[in-house]
Amino acid sequence: MANDVKTVYKSLGLCGFGLGSNSAAVDVKDGKILRIRPMHYDDAYDIEDMRPWRIEVNGAVLEPKDKTMPTPLQYAYKKRVYSKNRIPYPLKRVDWDPNGDRHPETRGISKYERISWDEATDIIASELKRIHAQYGPLAVLAQVDGHGESKIIHAAHGCPGKLLDLMGGYTLQARQPDSWEGWTWGAKHIWGMDPVGKQGNVQNLFQDIAENGDAVLYWGADPETTPWGWGGMQPGRLVRWLHDVGLKSIFISPDLNYTGAAHEGKWIPILPNTDAALHCAIAYVWIKEDTYDKDYLATHSVGFEDFKNYIMGGEDGVPKTPKWAAPITGITERQIKALARYWAKHVVSIAHCAGGGLIRAAYSSEPARLEVALLAMQGLGKPGAGQINFMDWGLFGIDEIYPLPRSACQPDLSSIYNGWAMLTYPVNFIPKTLIPQAIMNPPVKWRGGHVIAGLPAEDQVVEWDFPHDGDYELHMIWTDSPCWQTCWNGGYEMQRALQHPNLEFILAQHPWLENDCLFADIILPTTTKLEVRDISADLFSGQYNMLMHEEQAIPHVGESLSDFEAVGEVAKKLGLYEEYVGGTEDELIRKGFDNSGVQDMVSYEEFMEKGYYVVPTAEDWEDDPRGMRPFYDDPQANPLLTPTGLIEFKSTLLEQFFPDDEERPPVPHFVPYGESHSESLLHPRAEEYPFLLVTNHPRWRVHAQNDDNTWCREIETCKVKGPDGYMYEPIWVNPKDAVVLGLKDGDIVKMYNERGAVLGGIRLSERVIPHAIYQDHGARVDTIVLGELDRAGANNLICPSNTTSKNAPGEVTNSFLVNLEKVDVFELARQYPEAFDHAYEAETGQIAIDKIVEGA
Ligand SMILES: Nc1nc2c(c(=O)[nH]1)N[C@H]1C(S)=C(S)[C@@H](COP(=O)(O)OP(=O)(O)OC[C@H]3O[C@@H](n4cnc5c(=O)[nH]c(N)nc54)[C@H](O)[C@@H]3O)O[C@H]1N2
Ligand SMILES: Nc1nc2c(c(=O)[nH]1)N[C@H]1C(S)=C(S)[C@@H](COP(=O)(O)OP(=O)(O)OC[C@H]3O[C@@H](n4cnc5c(=O)[nH]c(N)nc54)[C@H](O)[C@@H]3O)O[C@H]1N2
Ligand SMILES: [Mo]
């Protein structure tokens with residue numbers, strides 16, 4: 001490489017929480033990113049020293065590569081770094097006068113003016129002091145949580161919490177079990193499994209399944225897409241390897257997702273969020289035909305008789321036969337029986353990334369529990385069968401949830417992580433799902449404890465409320481994750497909440513001018529990780545763990561400061577800077593290294609000189625137990641975390657605390673609708689809104705991130721170009737439905753329900769089951785009419801506001817009822833000229849700064 005090109009290493013995954021992944025080499029010339037490419041582990045170390053692992057089954061070999069495997073999202077990240085959406089300098093909303101009228105009602109509408117860092121931090125410090133004096137510190141809601149770039153010292157999220165803590169506290173927007181709602185609210189009650197409710201012991205499970213299994217059910221799983229967010233390309237290789245070994249692949253999902261499309265196997269299309277009915281019908285076939293493991297259930301479970309009674313119709317008079325399930329699920333009776341019989345005769349595992357749309361739908365507790373019931377009926381933990389995890393490995397650094405050969409160390413940088421505020425368990429908090437209510441209609445009460453993934457099931461029976469100790473309301477929001485509307489349940493309601501007069505001050509800090517930023521009164525520009533120096537640990541590759549010294553690659557873009565530095569500027573004005581920063585960058589990096597776990601494996605000098613350290617594979621990885629085998633072999637010696645230590649077909653805890661909850665009964669049920677939700681084709685509401693919307697995690701984004709990436713936008717499946725040149729978010733519709741609706745490929749439609757509407761561009765495809773439609777989640781908000789109509793397809797705006805069920809405050813962002821109607825975009829443009837002369841450019845999705853910042 002030419003001498004004037006400098007290479008730095010960066011972990012470029014977008015998981016955040018200080019968890020690195022998707023590590024890459026970034027080539028830089030003259031202060032500009034030239035290219036992003038894989039990083040070769042052996043640039044500075046010998047491969048042999050990394051102790052490469054190797055698994056061979058039936059002649060098919062699986063082993064790590066000698067380089068990292070970043071995904072297209074990382075290769076294209078330079079376009080995100082240099083996007084026109086980057087906020088160039090601090091901004092103040094023109095309508096907002098801290099010493100006069102604050103005009104909350106024009107948030108989301110009014111323009112901005114440039115101010116200096118000095119002015120901005122003066123206003124922020126004086127507003128904080130005023131609000132503390134007038135209402136107390138708990139009047140400040142810290143939204144300091146979410147995915148994002150993975151940074152440790154310059155943490156993407158949490159820094160404001162660190163400062164507010166020094167000032168006497170705040171109200172936290174609590175982390176949600178989001179990825180794992182159904183597992184948390186449901187599965188934990190049948191098999192325990194902290195931290196997240198999915199199978200917690202998966203060690204060496206890939207090897208076990210390859211050696212002893214017959215088939216894998218990819219049940220709401222797309223390992224060719226969602227690991228892109230942070231895991232890299234290894235999961236796609238694993239799907240291929242299991243196939244090469246000789247296992248059958250069966251894909252169960254409403255859409256033939258990218259894994260189903262790219263790999264050999266069978267697709268069983270299912271109507272969204274009807275999985276619980278399919279689970280019940282499979283159990284019915286097994287009970288009827290006596291093809292389940294009764295001996296196992298006798299020693300490993302409790303409550304099976306109650307479950308059997310429900311399945312066979314003893315409880316409600318409805319036997320859960322394949323004939324019953326067929327019209328509900330859209331799968332034929334014959335197919336259901338064939339699947340059940342195949343499963344009973346073979347060794348079958350279920351594969352997940354996080355859990356699929358069903359795990360974030362109404363009553364997601366039920367399919368989650370029912371899946372475990374099925375695994376148990378066939379002897380959970382027997383050789384070759386389990387719930388296999390294609391994505392969550394590496395999280396929390398827990399060896400037991402790592403299904404591939406174990407690394408000698410999971411490097412841990414928590415000693416210097418500045419983002420901890422988002423993962424704390426304070427007394428004063430509000431579940432993320434209840435924020436609009438907490439702003440507009442306090443007090444708010446909920447059953448479900450701290451509403452955070454990782455706590456034991458017992459926490460869920462705790463009653464909590466906001467305000468909790470004392471009498472206070474919210475008067476300020478400080479957000480470093482301004483995408484609530486785009487990512488949470490009931491976004492239009494949040495728009496109304498953000499305009500609420502109680503909110504005297506909304507402060508956002510963010511690299512990009514997007515989403516909730518446009519509701520903020522002050523906006524601080526922050527950097528991407530390319531612009532800062534940091535240290536990181538890569539734990540997700542499925543190859544080798546790494547510790548990396550991340551040098552600064554390019555100068556700060558515009559006047560941006562890192563999130564950590566931006567909050568530091570406020571701390572200076574409050575006289576809290578020294579306490580807040582806690583050391584120089586050099587000191588912090590050294591401290592992080594010294595406490596990382598690899599300090600005895602490599603010297604600090606060598607680590608700094610080489611820029612990274614590849615942790616070798618553990619020598620004794622083959623001695624680790626395989627998945628749930630210890631429980632299978634001896635449940636008394638290796639109990640589960642349930643109250644009885646066994647699989648609880650009838651939950652002891654739910655029976656004790658919520659015996660009459662029909663939305664989450666002690667024995668798992670198929671619950672199509674109820675008090676909290678009517679998002680089912682079986683409900684009369686479906687006459688008006690006859691489609692169930694699937695909102696997958698976006699292939700070309702990570703949630704709200706990366707919607708402005710011009711390289712991704714060039715890809716056929718990313719956007720649909722409208723007749724007006726605007727890039728609309730695709731909506732996949734089955735040709736059979738399209739005929740009835742009179743729609744053709746490329747049409748622009750309004751997708752709506754009683755909560756509002758968003759636009760989208762039609763893609764006709766048999767890759768989605770009739771009566772379901774599919775639009776990825778996370779397009780950034782581009783308002784046509786506030787609270788009513790959005791152009792970009794931010795479908796969270798029309799998600800239900802209610803939570804999983806009445807005693808389970810999880811998000812419901814998938815499988816809800818909508819209808820479609822063709823629109824004439826030119827007519828809409830005539831109707832709403834201002835909205836259409838919009839700040840966002842049609843093609844790039846990037847902001848035209850002069851349309852939003854006066855005088856820019
Ligand atoms: N419809 C629908 N909705 C869903 C889901 C679904 O399946 N369907 N899934 C849900 C799930 S599982 C999750 S986890 C949530 C995710 O929801 P979030 O975690 O809130 O989403 P992200 O967009 O990944 O990231 C949050 C914000 O952080 C910003 N950010 C990134 N890096 C930085 C940084 O360095 N500094 C600052 N200040 N900001 C940064 C991003 O631009 C973005 O605005 O969405 C949920 N919403
Ligand atoms: N590229 C990219 N990667 C990501 C993310 C991202 O936003 N973009 N987000 C990250 C995060 S925070 C998380 S939690 C994970 C999410 O990981 P997952 O939960 O696995 O992802 P989803 O896209 O919600 O769902 C996966 C598949 O489930 C299927 N599915 C949808 N609804 C249903 C249903 O009702 N029944 C059945 N049987 N199948 C269904 C669809 O085929 C879909 O492709 O991904 C992570 N990785
Ligand atoms: Mo997630």
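Quick note: residue numbers are just sequence positions, from 1.
You'll find the ring centres of Phe631 and Trp191 outside the 6.0 Å limit.
The ring-ring contact (aromatic ring centres under 6.0 Å, His included) test applied to Tyr689 returns no partner, not counting sequence neighbours. For Asn212, the side-chain hydrogen bond (donor to acceptor under 3.5 Å, both in side chains) partners at least two apart in sequence or on another chain are Asp208. Glu754 is linked by a side-chain hydrogen bond (donor to acceptor under 3.5 Å, both in side chains) to Arg685, counting only residues two or more places apart in sequence or in another chain. Scanning for side-chain hydrogen bond (donor to acceptor under 3.5 Å, both in side chains) contacts around Asn389 gives an empty result, with sequence neighbours left out. Taking Tyr292 as the reference, Phe304 meet the ring-ring contact (aromatic ring centres under 6.0 Å, His included) condition, with sequence neighbours excluded. For Phe657, the ring-ring contact (aromatic ring centres under 6.0 Å, His included) test picks out no residue, with sequence neighbours left out. Partners of Tyr296 according to the ring-ring contact (aromatic ring centres under 6.0 Å, His included) rule, which considers only residues two or more places apart in sequence or in another chain, are His300, Tyr632. Under the side-chain hydrogen bond (donor to acceptor under 3.5 Å, both in side chains) criterion, His243 pairs with Glu264, not counting sequence neighbours.
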So Thr225 and Thr259, side-chain contact (heavy atoms from CB on, under 4.5 Å) or not? Walk me through it.
CA-CA 8 Å; Thr225 295; Thr259 307; 5.7 Å; no
Could you check Ile328 against Leu682 for side-chain contact (heavy atoms from CB on, under 4.5 Å), going step by step and ending with a plain yes or no?
CA-CA 8 Å; Ile328 298 174; Leu682 303 176; 4.3 Å; yes
May I have the step-by-step check of side-chain contact (heavy atoms from CB on, under 4.5 Å) for Thr226 and Phe390, ending in yes or no?
CA-CA 9 Å; Thr226 53; Phe390 271 78; over 6 Å; no
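Put simply, CG on Leu653 and CZ on Phe658 are 7.5 Å apart, with the number rounded to the nearest 0.5 Å. Of the inter-residue distances, the one linking Leu271 atom CG with Ser815 atom OG reads 10.0 Å to the nearest 0.5 angstrom. Between Ile311 atom CD1 and Cys280 atom SG the span is 4.0 Å, to the nearest 0.5 Å. The line from NZ of Lys248 to OH of Tyr342 is 5.0 Å long, rounded to the nearest 0.5 Å.
With Asn753 contributing its side chain and Ile798 its backbone, the two residues share a donor-acceptor pair below 3.5 Å. Checked by atom type and distance alone, the side chain of Arg369 never pairs as donor or acceptor with a backbone atom of Ala187 at under 3.5 Å. Not a single donor-acceptor pair under 3.5 Å links the side chain of His771 to the backbone N or O of Ile769. Listed for the Arg626 side chain is no donor-acceptor partner under 3.5 Å among the backbone atoms of Leu205. Side chain of Gln460 to main chain of Thr184: a donor-acceptor pair is present (N/O by atom type, distance under 3.5 Å, no hydrogens or angles). In this structure, the side chain of Thr695 engages the main chain of Thr813 through a donor-acceptor pair within 3.5 Å. For Asn796 (side chain) and Cys487 (main-chain N/O), a donor-acceptor pair under 3.5 Å exists by modelled atom type. In terms of modelled atom types and a separation under 3.5 Å, the side chain of His279 and the main chain of Asp275 share a donor-acceptor contact. Side-chain N or O atoms of Thr274 include none that pairs as donor or acceptor with a backbone N or O of Ala277 at under 3.5 Å. Lys266 contributes no side-chain N or O that, together with a main-chain N or O of Ile252, makes up a donor-acceptor pair within less than 3.5 Å.
Here the side chains of Phe429 and Ile452 are not in contact, with every heavy-atom distance at 4.5 Å or above. At least one side-chain heavy atom of Leu278 sits less than 4.5 Å from a side-chain heavy atom of Ile336. Considering only heavy atoms from C-beta on, Val444 stays 4.5 Å or farther from Trp464 through its side chain. With contacts defined as side-chain heavy-atom distances shorter than 4.5 Å, the pair Gln176/Val451 qualifies. A heavy-atom distance below 4.5 Å is not found between the side chains of Trp183 and Val196. In this structure the side chain of Val694 never reaches within 4.5 angstrom of the side chain of Trp732, judged on heavy atoms. Between Phe816 and His677 there is no side-chain heavy-atom pair separated by less than 4.5 Å. Taking 4.5 Å as the limit, every side-chain heavy atom of Pro195 sits out of range of all side-chain heavy atoms of Trp180.
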Going by atom type alone, with no hydrogens or angles, which donor-acceptor pairs under 3.5 Å involve a side-chain atom of residues 349-361 and a protein atom two or more places apart or on another chain?
from	atom 1	to	atom 2	distance (Å)
Ser349	OG	Gly384	O	3.2
Ser349	OG	Gly386	N	3.0
Ser349	OG	Gly386	O	3.4
His352	ND1	Trp219	O	3.1
His352	NE2	Glu371	OE1	2.9
His352	NE2	Glu371	OE2	2.8
Arg360	NE	Asp178	O	3.2
Arg360	NH1	His697	NE2	3.1
Arg360	NH2	Ser179	O	3.3

Which pairs would a plain distance check flag for residues 802-809, meaning a side-chain donor or acceptor within less than 3.5 Å of a matching protein atom at least two apart in sequence or in another chain?
from	atom 1	to	atom 2	distance (Å)
Asn802	ND2	Ser676	O	2.9
Thr803	OG1	Ser805	O	3.3
Thr803	OG1	Ala808	O	3.4
Thr804	OG1	Gly810	N	3.2
Thr804	OG1	Gly810	O	3.3
Lys806	NZ	Glu675	OE1	2.9
Asn807	ND2	Asp661	OD2	2.9

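For residues 249-258, every residue pair satisfying the side chain to side chain donor-acceptor pair (under 3.5 Å) rule, not counting sequence neighbours, is listed here: Asp255-Asn696. Counting only residues at least two apart or in different chains, salt bridge (Lys or Arg N to Asp or Glu O under 4.0 Å) contacts with residues 276-286 are absent.
In this structure, Glu458 places its CD atom where more than 12 heavy-atom neighbours from other residues, nucleotides or ligands lie under 6.0 Å away. Counting heavy atoms of neighbouring residues, nucleotides and ligands inside a 6.0 Å radius, atom NZ of Lys294 exceeds 12 of them. The 12-atom threshold is not exceeded at NZ of Lys308, counting heavy atoms of other residues, nucleotides or ligands nearer than 6.0 Å.
Below 30°, between 30° and 60°, or above 60°: for Trp484 and Trp488 the angle between ring planes is between 30° and 60°, a tilted geometry. The aromatic rings of Phe307 and Phe649 lie tilted to each other, with the angle between the two planes from 30° to 60°. Ring geometry, Trp393 versus Tyr402: the interplanar angle falls from 30° to 60°, so the pair is classed tilted.
A side-chain donor from one of Ser801 and Glu493 sits under 3.5 Å from a side-chain acceptor of the other. Glu289 and Thr291 share no side-chain donor-acceptor pair at under 3.5 Å.
Here the closest non-hydrogen pair linking Ala438 and Phe466 is O-CE2, 3.6 Å. In this structure, Trp286 and Leu374 approach most closely via the heavy-atom pair CZ3-O, 3.5 Å.
Taking the charged nitrogens against the carboxylate oxygens, Glu679 and Arg755 do have a contact shorter than 4.0 Å, which makes a salt bridge.
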